[in-house]
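For the numbers below, each heavy atom of this structure counts, side chains included, while hydrogens, waters and symmetry mates do not. Numbered from 1 within each chain, the chains take letters A, B, ... in sequence-line order.
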Amino acid sequence: GAGVSQSPSNKVTEKGKDVELRCDPISGHTALYWYRQRLGQGLEFLIYFQGNSAPDKSGLPSDRFSAERTGESVSTLTIQRTQQEDSAVYLCASTLRSLNTEAFFGQGTRLTVV
Amino acid sequence: KQEVTQIPAALSVPEGENLVLNCSFTDSAIYNLQWFRQDPGKGLTSLLLIQSSQREQTSGRLNASLDKSSGRSTLYIAASQPGDSATYLCAVSPPDYKLSFGAGTTVTVRA
């Protein structure tokens with residue numbers, strides 16, 4: 001596809017279960033971001049990947065959160081032992097390069113922990 | 001730490017009126033500033049990207065200005081329409097690459 005693709009679009013999970021969220025960036029985009037947006041709030045930075053460099057994980061809220069990206073392709077955000085406060089929309093964005101270029105966002109994954 | 005503020009938080013105007021949305025940021029060391037639109041329950045749609053060396057950028061009814069030295073950007077939407085109702089977010093791209101977002105301005109255009 002031409003845009004950033006995220007799956008699933010919606011996920012309902014029971015508290016304590018693990019979830020995996022997927023982001024497929026625009027082909028050729030070297031930089032990839034994950035953000036979290038809680039209901040009625042702004043975007044919260046989680047993690048940043050740039051090519052084969054070590055990712056910037058400074059925004060991950062706890063060690064239950066982890067993310068991987070193989071090369072310049074798909075990224076997976078994993079949340080272990082989900083808690084109700086993890087309920088949010090998780091947004092992924094990619095850019096052609098890390099600087100001076102436009103960021104494109106996917107439609108997000110709405111995660112609900114019950 | 002970069003702080004991005006958007007004023008007002010919400011705005012309601014009658015159809016046809018021009019919209020003025022403000023964004024301010026505390027650290028002028030940015031590479032670019034981007035305006036996004038977010039519809040309820042949706043992702044972000046890029047509207048305009050202004051490079052740090054530019055003063056303004058235009059696309060159709062949208063015009064965005066950037067005063068990097070004073071840490072301000074303004075998004076103008078001319079002749080507003082009900083379809084312009086959405087939340088508008090600005091984001092700055094600093095040297096550490098982490099896009100920093102404002103909390104957004106929620107716009108309602110009344111028919």
Task: Non-neighbouring partners of B/Asp39 that pass salt bridge (Lys or Arg N to Asp or Glu O under 4.0 Å), sequence neighbours left out - done: B/Arg37
- [ ] Would you please name every residue forming a ring pair (Phe, Tyr, Trp, His ring centres under 6.0 Å) with B/Tyr88, sequence neighbours left out?
- [x] none
Task: Over 12 non-hydrogen atoms of neighbours within 6.0 angstrom of CZ in B/Arg61 - done: yes
Task: Atom group of A/Ser9 that falls short of 4.5 Å from chain B, counting heavy atoms - done: neither
TODO: With rounding to the nearest 0.5 Å, note down the distance linking CD in B/Gln34 to CD in A/Glu102.
DONE: 5.0 Å
Task: B/Leu48, part contacting chain A, at a heavy-atom distance under 4.5 Å - done: neither
Open item on the list: At a heavy-atom distance under 4.5 Å, which candidate from B/Gly41, B/Ser46, B/Ala103 has the highest pair count against chain A?
Closed with: B/Ser46
Task: A/Ile26 reachable from A/Leu32 in the ILVMFWY side-chain graph, under 4.5 Å edges - done: no
Task: Connected via hydrophobic side-chain network under 4.5 Å: B/Phe36 and B/Leu19 - done: no
Task: Name of the residue among A/Phe105, A/Tyr35, A/Phe104 meeting side-chain contact (heavy atoms from CB on, under 4.5 Å) with B/Leu44 - done: A/Phe105
- [ ] Name the region of A/Ala93, side chain, backbone, both or neither, that has any atom closer than 4.5 Å to a heavy atom of chain B.
- [x] neither
Task: Over 12 foreign heavy atoms within 6.0 Å of CD, A/Glu68 - done: no
TODO: Using non-hydrogen atoms and a 4.5 Å limit, figure out which bit of A/Gln37 sits close to chain B: side chain, backbone, both or neither.
DONE: side chain
Open item on the list: Is it the case that over 12 heavy atoms from other parts of the model lie below 6.0 angstrom from the CD atom of A/Glu14?
Closed with: no
TODO: Taking all heavy atoms of B/Leu99 and all of A/Ala103, pick out the closest pair and write down the distance.
DONE: CD1-CB, 3.7 Å
Task: chain A contact via B/Gln38 - side chain, backbone, both or neither, heavy atoms under 4.5 Å - done: side chain
